[in-house]
Amino acid sequence: MKNIATLFCLLICTISFGQIAMNQVGFYPKAPKQAIVENVIGITGFSIVTGDKGKVVYRGKLGEPKQSKNSSLTTRMADFSSFETSGTYRLVAGSYESAPFIIAVNVHEPVAKALLKSYYYTRASMPLYEQYAGKWSRPAGHPDTAVLIHPSAATGQRPSGTVIRSPGGWYDAGDYNKYIVNCGITMGTLLSAYEDFPQYFARLGLNIPESGNGVPDILNETAYNLRWMLTMQDPGDGGVYHKCTNASFDGMVMPGVTKAPRYVVQKGTAATLGFVAVMAQSVRVYKAFSSVYPGLADSCLLAAWKAWQWAQHNPSVEYNQDGMNKRYQPAITTGAYGDRRFGDEWFWAASEMYVTTSEPVYKTVVSEYTIDRPSLPSWGDVYMLGVYTLLRKDTKNMANQLRPVVIQMADRYLENISGNAFGVVMGEQRSDFVWGSNGVAANQGILLIQAYLLTKDKKYLGAALTNVDYLLGRNATGYCFVTGFGARQVMHPHHRPSEADGIADPVPGLLAGGPNPGMQDKCQYEYTDPERTYTDNVCSYASNETAINWNAAAVYLLNAIEALE
Ligand code: 9MR
């Protein structure tokens with residue numbers, strides 16, 4: 001009896017305590033291919049078998065055990081990079097067996113496209129028709145044709161309660177509000193993807209209403225948000241409202257169900273400078289498409305210039321929501337995106353303005369803001385977006401100075417891969433696991449792509465690919481983090497339409513936030529070590545929400561990898 005129990009436990013315990021973590025979407029024939037076997041004892045080899053398990057096609061040795069720095073897991077690597085034959089396979093190591101995976105050219109194209117298409121599903125103020133949205137078609141939500149000026153944003157020309165129009169744009173995340181600060185990094189990242197890979201995106205169709213109009217669909221999609229952003233500028237003084245929002249979050253309902261009043265709130269320096277940067281970059285991108293978007297580039301230039309003037313007069317106006325709520329009614333309790341440091345926004349806005357206009361005044365501002373220890377882009381830290389733009393477009397002047405900023409960070413990532421229990425860049429530091437940590441992984445990948453574009457050294461591409469693997473399954477949670485993809489899928493993102501539409505599958509192409517030991521949502525988590533603090537539960541806005549900013553980083557990374565394959 002005891003023996004049977006031991007045998008039973010051996011089977012069950014092995015299955016429940018270990019797993020094979022690997023990119024669940026697939027591998028390129030000629031690229032590195034690695035998987036991670038967790039918590040194995042007494043096994044030294046692994047094999048790759050055909051999908052029907054009929055035939056062993058490759059045998060390899062597992063790497064040395066590694067203790068993860070970010071959890072209690074011990075891992076061993078299965079490297080089968082030298083196996084290059086296209087097909088469907090499984091990886092087998094002892095009693096562990098992976099789900100089927102593919103080796104093929106263009107293997108990431110469907111997920112790269114879906115990540116970009118997800119913005120169509122987040123459009124406010126218009127219905128999503130079945131021919132584009134399939135089973136996720138829905139009526140329009142939040143027309144935003146009668147938005148109130150909140151008292152915090154009142155001026156002589158637009159007193160509190162004035163009704164303005166602010167339709168369109170993308171919902172930010174799992175919630176239905178629209179935030180200019182987060183549109184800064186999101187639009188900057190998407191427009192940069194286009195600027196870095198224009199030929200690739202010219203061919204990438206998304207089946208959205210504008211498809212076929214002669215403009216790349218990535219730019220058709222960003223135009224939808226750009227036009228909304230233009231409505232967020234006060235025509236009186238050029239300042240930009242921080243957000244267009246309900247007073248408090250809508251419930252877990254479809255867009256359009258609640259009819260709560262919408263407000264634009266206080267203008268701030270971070271929002272206004274982010275707006276300047278996006279408008280300036282849009283001038284460059286949209287001027288080639290003036291027959292389809294007449295006047296758009298010109299409007300953007302004027303809007304950028306006016307916003308820049310406002311910021312000159314208001315160089316450090318913080319959006320402090322708590323402070324604002326002490327002074328004005330109604331209290332606003334939706335996402336704050338409050339930022340107190342503006343040096344990075346000044347640098348980014350000036351970089352975009354300088355590259356677009358070549359006017360020396362902006363170059364002067366760029367040189368005033370050098371940063372000793374630059375960090376990855378995030379909604380509150382956009383310095384690197386300026387660096388990328390200057391490196392991309394101003395190769396003669398400041399580029400030599402800024403190149404080391406990118407290369408040194410990329411080289412540090414490369415050095416740390418070998419010590420990482422998952423063989424990926426993500427998780428070199430515990431502090432990588434923050435709210436939206438999957439955005440950190442994707443932004444590390446973008447930085448590595450930038451290093452590759454500067455040097456053409458393939459080691460950086462290989463490193464970027466490790467974080468593609470991370471997002472698609474080679475991580476300690478075992479999830480493929482993009483909805484609609486992988487063997488272990490995210491099914492319950494904190495995303496109102498996905499929860500409320502009565503359809504089992506969530507809206508596709510959304511990147512979950514990712515492991516976040518902060519656990520600010522107070523949900524139940526099975527694990528609390530940094531790289532495993534993730535729960536596929538709709539309650540978990542701190543680890544399982546979707547958001548346009550981290551989705552944008554994944555759009556860049558996955559499409560760049562496809563473009564460069
Ligand atoms: O991504 C934001 C994260 O960095 C902050 O810590 C968090 C709390 O302020 O807010 C996150 O952004 C959320 C925003 O405030 C509202 N929409 C959903 C966003 C993603 O969770």
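All ligand and atom numbering here is 1-based and tracks the order in the structure.
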> Just by modelled atom types, is the V507 backbone N or O under 3.5 Å from a matching donor or acceptor in the S498 side chain?
Replying inline: yes
Worksheet item: If we ignore angles and hydrogens, is there a donor and acceptor under 3.5 Å between the side chains of S118 and N551?
Response: yes
Show me the short polar-atom pairs for ligand 1: any N or O of it lying under 3.5 Å from a protein N or O, with distances only.
unit_1: ligand 1; atom_1: 4 (O); unit_2: W379; atom_2: NE1; d: 2.9
unit_1: ligand 1; atom_1: 12 (O); unit_2: Y337; atom_2: OH; d: 3.3
unit_1: ligand 1; atom_1: 17 (N); unit_2: D172; atom_2: OD2; d: 2.9
unit_1: ligand 1; atom_1: 17 (N); unit_2: D175; atom_2: OD1; d: 3.0
unit_1: ligand 1; atom_1: 21 (O); unit_2: W435; atom_2: NE1; d: 3.0
unit_1: ligand 1; atom_1: 21 (O); unit_2: E545; atom_2: OE1; d: 3.0

Sorted by chain and number, sequence neighbours left out, side-chain contact (heavy atoms from CB on, under 4.5 Å) with T334 holds for N177, Y179, K243, T245, F249, I332
Do the ring planes of W136 and Y121 sit parallel (below 30°), tilted (30 to 60°) or perpendicular (above 60°)? perpendicular
- Have Q281 and S192 got a donor and an acceptor in their side chains that come within less than 3.5 Å? yes
Test side chain to side chain contact (heavy atoms under 4.5 Å, CB included) on M229 and M187; report intermediate values, then the result. CA-CA 10 Å; M229 289 181 75; M187 294 288 281; 3.9 Å; yes
